[in-house]
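Structure record follows, encoded as C-alpha cells.
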Amino acid sequence: MIDLCQLTDQYASALKDYLATSREIALRQAYELGRQAIGEGLGLLDIVAIHREALMTVGPRANEVGAPVAGPGWGFLAECLAPFEMTLRGFGEANEELRHEIIERKRAAAEITEIGKELARRVVELEAVNTELDAFTYSVSHDLRAPLRAIDGFSQILTEDYSDRLDDEGRRLLRVVQDSARSMGRLIDDLLNFSRLSRKEMRTSEFDMGELTAEVFEGLRAAVPGRDVRLSVGSLPRAVGDRVMVRQVFVNLLSNAVKFTAPRETALIEVSGGREGNENAYCVKDNGVGFSMDYAGKLFRVFQRLHAAAEFEGTGVGLALVQRIIRRHGGRVWGEGKLNEGAAFYFTLPNKEATNG
Amino acid sequence: MADTNAVEILLVEDNPRDEELTLRALKKRNLANKVHVVRDGAEALEYVFANGAYQDRSIEHAPKLILLDLKLPKVDGLEVLRKIKSDERTKAIPVVVLTSSREESDLVESYRLGVNSYIVKPVDFDKFLDCVGELGLYWLLLNQPPS
C-alpha cells in the first residue's frame, strides 16, 4: 500500500532524476508508479495533477511551462500513463470479446426461438396429419367397405335370381367374386385394427396372464368344436401393461397356434413363462406345421404370409400387430420354428421392477 | 310411396346399392312393404318432424323403426339422431344406426345420444341379410312400443 503523498513524493524525485541524467531508470520508475496508481484506483487526471505538482517542486524551469504534456517532463508523464493505456487496451479487448459473445448469444437465442417456432409448426403439422389420418381411416372403414358389400351382395343376388340361367362354372365364378370381396373385407378390418392400435392410448394395469390365456383360449376353442385342441398353461408371471392390447397378443398367437395345428389329430398348445431380470418372458408353443427358420426374419412383416391362402387362411396382419403391441410396451418378440414340427413364439414385457425404476 | 303416414320403417341411406341390399333383406322377411327411403339427413329430419317436403304428413304417425346411416349428405347421421332423441315428440321412435363405420367414437357418441342399437354393416352379404332381417323382425314384430 502506498498513499497519495508518498506517491507524489516518489513521482517528484523520479521526475527530477529524469530531468537530470539517469533517464532509463527514471522511466522504469515512472512506469512502476503508473501501475501503483492504477492499483490505488487513481485516474489519468490524478496523474496529470501529480505531474504538475512535481514539476513545480523540481525547479524554476517548470513554471515557465504551461501545459504539462508539452513540457520537458512529457516523456516521463507518458511513461507513467503507459500502464493506464495498457489497461485500457485490455479493457477494450475484453469489451470486444464480450461484444462478440453477446452477439453470438443473441444469435443462438434467435436460433433457439426459431427452432422453437419450427417445432411448434411441426407439432401443428403433425396434428393435422393425425387428423387427416383419422379422416382417412374413417373413410377407409366406410367408403371401401360399401362397394365391397355391393360386390358381395349383388353377386349373391345374381346367384339367387338367375340360378336357372347359370351353369356350374358360372356359379363358381360368382363364388370367386364373393370370396374375394369377403377376404378384402377382412383385410380392411385387420388393417384398421392395426392402424388404430398405434393411435390408441395405453392403459396400464397389472393383471394375471394365466387368467387372460384361459379366457382367450376358451373363445378360440369354441370356434373349432370338431377338433381336439389341448392347452397347457404353466405358471405365468403377472404382467404390467395394457390388458386389452396384451389380450390381442394372445388372441393372435393362440389363434395362429390353433390354425396351424389343424392337420394334427391332437393339437398341443403350451403357454409358459418366467422372470428374467427386468423382464417377464412368455412363450406360446404348438405342435403344428411350423415354419422354416429361413423365413424367421419375415414373420412380423405386414401382409407377409408363409403359407398359401388355400392351405391356411389369413391376411398376414396378425403377427405384425403382435409386434407392434409388444414394442409399444417396450418388450421384444421373436419366433422359432421347424418345418412340420411346430412353432414357438416368445415375447417379453418389462416387469414391475423395470416399470418402477 | 303415396301414403307416408303408413310407413313402418324409415330407411335413411344415401348409397343406392346399400339401399337395394337392405330392401332385399327386408323383403326376404316380408318387411319391405312399408319402407320409406330418404337419401340425406335433412330429408330424414323433414320426414320425422313432418315439415318441408313432408309438411302434409302428421308427426304423430311416427315410423316404427328408423334405420339410420351415419355418413350422410347435408346433415350427418349423428345430428339426425341427436335431433330425434332430444325432441319429446320423437324420442320414443326406435333408431338403429346401420353403418359401415367401426369407429369407436361414432359408437360411443351414438349411445350417448340414445340410439337403440348400433349395427356395423357386414361386408358378407349373408350376414348382412341375417342382420337386417333380424333387426326388422325384432323392432317391428317383437318389440312392444308404448301406445
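Below, read A as the first sequence line, B as the second, and so on, with proteins coming before strands; counting in each chain starts at 1. Quick caveat, the model's predicted, so the values are computed rather than measured.
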Task: Distance-only side-chain donor-acceptor flag, A:Thr159 / A:Arg175, under 3.5 Å - done: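 No, no side-chain donor-acceptor pair sits under 3.5 Å.
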Open item on the list: Does either side chain, that of A:Asn252 or that of A:Gln248, offer a donor lying less than 3.5 Å from an acceptor on the other one?
Closed with: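 Checked: A:Asn252/A:Gln248 side chains pair up, N/O donor to acceptor below 3.5 Å.
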Open item on the list: Are there over 12 heavy-atom neighbours, none belonging to A:Arg238, within less than 6.0 Å of that residue's CZ?
Closed with: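 Yes, enclosed.
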Open item on the list: Using a strict threshold of under 4.0 Å (side-chain N to carboxylate O), is an ion pair present between B:Lys71 and B:Asp14?
Closed with: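 Result for this pair is no, no salt bridge flagged.
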- [ ] Mind listing the closest non-hydrogen atom pair of A:Arg227 and A:Ala267 along with its distance?
- [x]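 Residues A:Arg227 and A:Ala267, closest heavy atoms: NH2-CB, 3.7 Å.
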Open item on the list: Can you give me the closest heavy-atom contact between B:Asn116 and B:Pro94, atom names plus distance?
Closed with: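 Looking at all heavy atoms of both residues, the shortest contact is OD1-CA, 3.4 Å.
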- [ ] Look at the aromatic rings of B:His36 and B:Tyr47 and report parallel, tilted or perpendicular, splitting at 30° and 60°.
- [x]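 Parallel.
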Task: Residue-level interface, residues 211-226 of chain A with chain B, non-hydrogen cut-off under 4.5 Å - done: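 Listed by number: none.
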Open item on the list: salt bridge (charged side-chain N to carboxylate O under 4.0 Å, His left out) for B:Lys74 and B:Glu43? Distances and angles first, verdict last.
Closed with: CA-CA 9 Å; B:Lys74 296 183 189 170; B:Glu43 196 186 345; over 6 Å; no
Task: Among A:Ile151, A:Asp189, A:Leu148, residue most engaged with chain B (heavy-atom pairs, under 4.5 Å) - done: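 Most heavy-atom pairs under 4.5 Å with chain B: A:Asp189.
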- [ ] Sort out for me which of A:Gln178, A:Arg182, A:Met184 touches chain B most, counting heavy-atom pairs under 4.5 Å.
- [x]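 Highest number of heavy-atom pairs under 4.5 Å: A:Arg182.
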Task: Region of B:Asp18 in contact with chain A, defined by heavy-atom distances below 4.5 Å - done: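 B:Asp18 touches chain A through side-chain heavy atoms alone.
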- [ ] Against chain B, label A:Ile157 side chain, backbone, both or neither, depending on which of its atoms sit under 4.5 Å from a heavy atom there.
- [x]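 Contact with chain B involves both backbone and side-chain atoms of A:Ile157.
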